[in-house]
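Worksheet for the structure shown next.
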Amino acid sequence: MSRDRRCRTCRSATSSNGAPTVIVVVVNGEDVYACDVHRAEHAAPAGDQLVALAQYQDMAARPHLLLG
């Protein structure tokens with residue numbers, strides 16, 4: 001199953017600086033991605049460990065982005 005990594009608001013796949021979108025909240029088991037401009041609109045409460053785990057898993061699934 002393919003993930004839709006586009007921003008929930010503007011549907012962009014990257015942030016304004018070209019970095020990929022990130023997971024900002026998990027809703028009903030679905031990851032919600034957002035660009036840097038729209039992160040605050042969708043963000044989970046600070047310290048949400050489910051979001052941290054989802055972000056870690058997403059980074060592990062895309063190791064080519066970590067190599068720069």
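When reading the values below, keep in mind they use all heavy atoms of this one structure, side chains included, and skip hydrogens, waters and symmetry mates. The first residue in the sequence is number 1, and the count goes up from there.
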(message) Membership question, hydrophobic clusters at under 4.5 Å side-chain separation (ILVMFWY): are Val27 and Leu53 in the same one?
(response)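 Unlinked, Leu53 and Val27 end up in two clusters.
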(request) Determine whether Val22 and Val32 fall in the same hydrophobic cluster, where Ile, Leu, Val, Met, Phe, Trp and Tyr are linked whenever their side-chain heavy atoms lie under 4.5 Å apart. (result)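 Per the 4.5 Å side-chain linkage, Val22 and Val32 are co-clustered.
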(message) Can you tell me if Arg39 has over 12 outside heavy atoms packed within less than 6.0 Å of its CZ?
(response)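 Result for CZ/Arg39: enclosed.
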(request) Using a 4.5 Å cut-off on heavy atoms from C-beta on, say whether the side chain of Arg6 contacts that of Thr21. (result)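 SC-SC contact between Thr21 and Arg6 ruled out.
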(message) I want to check something: taking the side chain as every heavy atom from C-beta on, are Ser16 and Cys35 in contact at a cut-off of under 4.5 Å?
(response)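 With C-beta onward as the side chain, the pair stays apart.
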(message) Using a strict threshold of under 4.0 Å (side-chain N to carboxylate O), is an ion pair present between Asp31 and Arg5?
(response)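 No, this pair does not count.
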(message) To check you understand the geometry: which heavy-atom pair defines the closest contact between Asp36 and Asn17, and what is its length?
(response)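 Heavy atoms of Asp36 and Asn17 come nearest at OD2-N, 4.4 Å.
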(request) Report the distance from atom CD of Gln55 to atom CG of Leu50, rounding to the nearest 0.5 Å. (result)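 Answer rounded to 0.5 Å: 10.0 Å.
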(request) Going by the side-chain contact (heavy atoms from CB on, under 4.5 Å) test, name the single residue among Ser12, Cys7, Ser15 that passes it with His38. (result)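 Result for side-chain contact (heavy atoms from CB on, under 4.5 Å) with His38: Cys7.
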